[in-house]
Amino acid sequence: MRGLHVWLVAVWCVAQALAGYLLPGDVAPRHYHLKYTFDIDPSTNFSFYGVVEIELYVRRPTNEIVLHAKDFTVPEDMIKISGPQDLKTTGAKVNETYSMLTISTSSTMREGENYTVIIPFYGNLKPGLDGAYISTYVNKQTKLREYLIATQFEAISARKGFPCFDEPMYKATFTITLGHHKDFTAISNMPQESSTTDNALEEYFPWSEIGKTFLKKQSEFVWNSYEKSVPMSTYLVAFVISKFSYTESPQGLSTTKFKIWARNDALDQTTYASITGPKALSYFEEWFNVSFPLPKQDMIAIPDFGAGAMENWGLITYRETELLYDEKQSSFLNKERVAEVIAHELAHQWFGNLVTMKWWSDLWLNEGFATFAASVAVNKVEPTWHADRSYAVDSIMAVLNLDALESSHPVSAVIDDPKRISEIFDEISYRKGSALIRMMTMFLGDDVFRRAIKNYLVKYSYSNAEQDDLWRELTAVSQQYKVLTRNVTVKEIMDTWTTQTGYPILTVTRDYTDKSLTITQKRYFALTSKSVTSTSWWVPLSVVCEPEVGAPPSPLQWLGAHEGVDQEYRFEHGSEPNQWLLFNPDMIGLYRVNYDARNWELLSRALRGARAGAVPLLGRVQLMADVFALAWTNYIDYSTAFGMASYLQRERDFLPLSTALRGLAKIENVLKRTPDYGAFQKFVRKLIGETYERAGGLSQKRIINAQDLNSVKMQVTTSAWACRMKVPGCEENAVELFQKWMDTPNPDENNPIPLDLRRTVYCVGVSRGSVVQWRFALARQQRANVAAARDALLHALTCTRELWILAQYLEWTVSEGPEVRKQDAGAIISNIIRSTVGYYVAKDFIYERIADIHNTFKGQGRRVGYIIKGLLDQFTTQRELDEFLEWRKKNQQYLQDYKLSVEQAIEKAKVNIDWITKNRKNVVEKLREYSV
């Protein structure tokens, strides 16, 4: 197959390119003893001193030790090496381009022997969000500014923390000793073993004048040592030094000891995590049938954290919004998010930590599996939420959009430069990876899948693996139980999904003279002018026919990678000429389906008729996703899409409705700054008006069923759309609620707005108000002690229509002031970009301040990529795109680390422009027609 051949060639080319970026591999670490001491004092610029003793094994004779080091000083004359022969270091040099430290030795180290290298280092902590960094917060009780040290070493920032072999292949054990002022507490991956006041670095400190001031403080310091870790990659090493406190999980939920750490004044928000964490961990032990290998699991909420969370073994770090939950100030959706992220990170303790990818090309083995496994655990912990299907829909919808771009990338990504690594932490690695793992569980069966996964985890425990290793274990068990037909292996099937970019569209054409149909497959593109490639897939075909509704599902069939490409593939079915049939009703496969006009009409009639529920729930989701996407790309007419969508006025389940609204949001995005936006609003008002009222509306009454997640999501989503679409009374109710809050005594403690409706009410209140409302929201945001409440207000502040306020808010994102945290700056810029008024202000800000934006997000490369993608997603004219392309030429130095994101952004802008050119006039006519 051409697609697979191209991938293999690319892999070979990457191997050659990586030769310069990767460590040579002549020596490998066996064990690190890391000793670190920190002065958490602004007057010393947060100085630190450390030494790392690395036990090495020599794989090939060499007189060089090459490892990583960045952003600290290594005193060359203090490096020592010992081993079975008399050795001295003869020099140390740093390659700044690749962050490599090369230590030369006086004679050749012998193959098969063990050596120890001792490397002192020192420097100052920085306020960024990667490496070992300094974070700050204000204690709400004492009003004092406090500091803490946190780590974020994934993907290649352990080298900023200490000299190390900073590639996932180089697993080793770690013994860590941390020195700090006695007023602080330190935690790391493993339990604390001992504590002393003896200076663990004293023998390394005759560094002329270095550290003399620091040494004077040692009487106030304690030194904590932690148990030896299991073998792990450097990106999983973690420690936090803070004045936090913890909650212990209730006994009986897990055999592993759990502690949930947070700011002292946020400790009451840890209860939900303290229950959910051990429940999820215990279920994973059962589901994987592999015990958790560590004696404890700490989870800690960091005030400044770039990622959502990080799965460090035994010490998971979280952004506060992803771990803390307050019943009085966090919404139901916040609670769902906390459960999802906790489950995701705990799944990593097996997939990622116990078994680690060999190189970041297979990041999806970590992130895709953890994303899928999160739905499994949340489904167990919170069974009424139906996380298995809602998470699957979220993943599939995200993938279908991004992976329709020619500039997308394979799941098993080709990475020829470590700087590219951050860009593959995207929907493809997380969401597509998750969707493909779910697909495997469905076509192999849960029992076969789990047996193979256990074999895989046991075989590669404390080691590294790549996707072919997983395929072998899955194939072996599938052949043992004979679950795959047609003599095909898991590798043959899955390589078509993981090594190729994109996904197929199946064209299904029925022969109404008999019960047969034909199927063809080709790659689906969002940009209709793209040429068709010869790429093809092994596609699992599940189908439901109208007379078979309620009966046991028919056996799964396969469309082979060689079938439906050059000639049509014939398929038998059970529907009469006047009965519908539906492919992918369980959304097992990642593909779109286009039917002949008659079957589209039969499906549309079924949905609009009295028995819409006869079409399976996920089948309705698939139909809503496909009908709007295929109309967008001119496979079908918008009459089909709008006609089918009219049934949504009676839809009672959130998933089909939200999927349709995703499709409509793409139309809204390209019409919202045009004279035709009113026609779009009128159409949507008719579509969701009844559902909005039925769900509870945006009045002051409570959510109709506050304990049912589906009901809550229906009300939250329809309320947000209703206000935006100007449903009568919606904005007025929101303004009234916001004013009531402003008039409430002690508004920081008393908020009359229903929890789950606050994001919508806040945004409308600020948008319809003046600087008075904005400053009121800002004051509440700055005083809020619950991260979820701060996050909702942070979003609301971007809703203002006052240009000068938006300009000021944007300025804060790149300033060193306390108004905006670094972790929030990207979200603020992105939110302003998406608003109709803010777009113009944000575009000028990005064009003029790209240097400041680049510097602000150092260590968070993908944030800038998201900002650029958000900006170009708003483009609807060639003039806008041409302006950007000219600007890009002049600012390449700031964009070179985000090439993939920029390419995807440009293609997305072309998709919008293409749609406007081909569809705007026709679609507006249809909107008016279906609004009557």
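In what follows, residues are counted from 1 in the order of the sequence shown.
Checked for salt-bridge contact, D791 and R759 meet the test: a charged N lies under 4.0 Å from a carboxylate O. A salt bridge links R849 with D852: the distance from a Lys NZ or Arg NE/NH1/NH2 to an Asp or Glu carboxylate oxygen falls below 4.0 Å. For the pair K822 and D304, the salt-bridge criterion is not met [side-chain N within less than 4.0 Å of a carboxylate O]. Salt-bridge annotation for K70 and E96: absent, with no side-chain N of the basic residue lying under 4.0 Å from a carboxylate O of the acidic one. With salt bridges taken as basic N to acidic carboxylate O contacts below 4.0 Å, none links R319 and E322. Salt bridge R263/E320: present, at least one basic N to carboxylate O contact under 4.0 Å.
For the atom pair CD1 of I176 and OG of S225, the computed distance is 10.0 Å after rounding to the nearest 0.5 Å.
Side-chain contact between Y462 and V230 is present, with heavy atoms from C-beta onward closer than 4.5 Å. Counting heavy atoms from C-beta outward, N785 and Q269 have side chains that approach closer than 4.5 Å. Using a 4.5 Å heavy-atom threshold, the side chains of F38 and F239 count as touching.
Between Y147 and F46, the ring centre distance stays below 6.0 Å. Here W360 and Y235 bring their ring centres to under 6.0 angstrom of each other. Side-chain rings of F184 and F244 stay apart, their centers remaining 6.0 Å or farther from each other. Aromatic rings of W741 and Y762 (six-membered ring for Trp) have centroids within the 6.0 Å cut-off, being under it.
Although no hydrogens or angles enter the test, the distance criterion places a donor-acceptor pair under 3.5 Å between the side chain of N189 and the main chain of A238. For T196 (side chain) and D198 (main-chain N/O), a donor-acceptor pair under 3.5 Å exists by modelled atom type. At distances below 3.5 Å, at least one donor-acceptor pair connects side-chain atoms of S282 with backbone N or O atoms of P278. Side-chain N or O atoms of E55 include none that pairs as donor or acceptor with a backbone N or O of Y32 at under 3.5 Å. Proximity of a side-chain donor or acceptor of R159 to a complementary backbone N or O of D166 within less than 3.5 Å is detected. Under the 3.5 Å distance criterion, the side-chain polar atoms of T173 are left unmatched by any main-chain donor or acceptor of P231. With hydrogens and angles disregarded, a donor-acceptor distance shorter than 3.5 Å links the side chain of Q349 to the backbone of E345. Under a 3.5 Å cut-off, the side chain of N831 and the backbone N or O of A827 do form a donor-acceptor pair. The closest donor-acceptor contact from the side chain of W774 to the backbone of L797 lies under 3.5 Å. Looking at T798, its side chain does come within 3.5 Å of a backbone N or O of H795 through a donor-acceptor pair.
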Salt bridge (Lys or Arg N to Asp or Glu O under 4.0 Å) assessment of K335 paired with E327: CA-CA 9 Å; K335 185 177 185 178; E327 289 187 351; over 6 Å; no
Criterion side-chain contact (heavy atoms from CB on, under 4.5 Å) on N366 and H348, from CA distance to verdict: CA-CA 7 Å; N366 285 18; H348 273 308; 3.8 Å; yes
Pair N312-T317, side-chain hydrogen bond (donor to acceptor under 3.5 Å, both in side chains): steps then yes or no: CA-CA 7 Å; N312 314 298; T317 45; 3.1 Å; yes
CA sep, side-chain torsions, deciding dist, call: F174, W313, ring-ring contact (aromatic ring centres under 6.0 Å, His included): CA-CA 12 Å; F174 290 80; W313 221 346; over 10 Å; no
S99 vs H68, side-chain hydrogen bond (donor to acceptor under 3.5 Å, both in side chains): CA-CA, chis, key distance, verdict: CA-CA 6 Å; S99 306; H68 293 104; over 6 Å; no
Pair R145-T136, side-chain hydrogen bond (donor to acceptor under 3.5 Å, both in side chains): steps then yes or no: CA-CA 7 Å; R145 182 166 297 280; T136 182; 3.1 Å; yes
ring-ring contact (aromatic ring centres under 6.0 Å, His included) evaluation trace for F351 with F284: CA-CA 11 Å; F351 257 84; F284 279 139; over 10 Å; no
For residues 249-262, which side-chain N or O atoms pair as donor and acceptor with protein atoms under 3.5 Å away, sequence neighbours left out?
residue	atom	partner	partner atom	Å
S249	OG	S274	O	2.6
S254	OG	T256	N	3.0
W261	NE1	D298	OD1	3.2

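Within 6.0 Å of NZ on K182 lie no more than 12 heavy atoms contributed by other residues, nucleotides or ligands.
Only one option out of E193, H31, H33 pairs with T175 in a side-chain hydrogen bond (donor to acceptor under 3.5 Å, both in side chains); it is H31.
Legend: residues meeting side-chain contact (heavy atoms from CB on, under 4.5 Å) with N746, ordered by chain and number and at least two apart, are D748, E749, N750.
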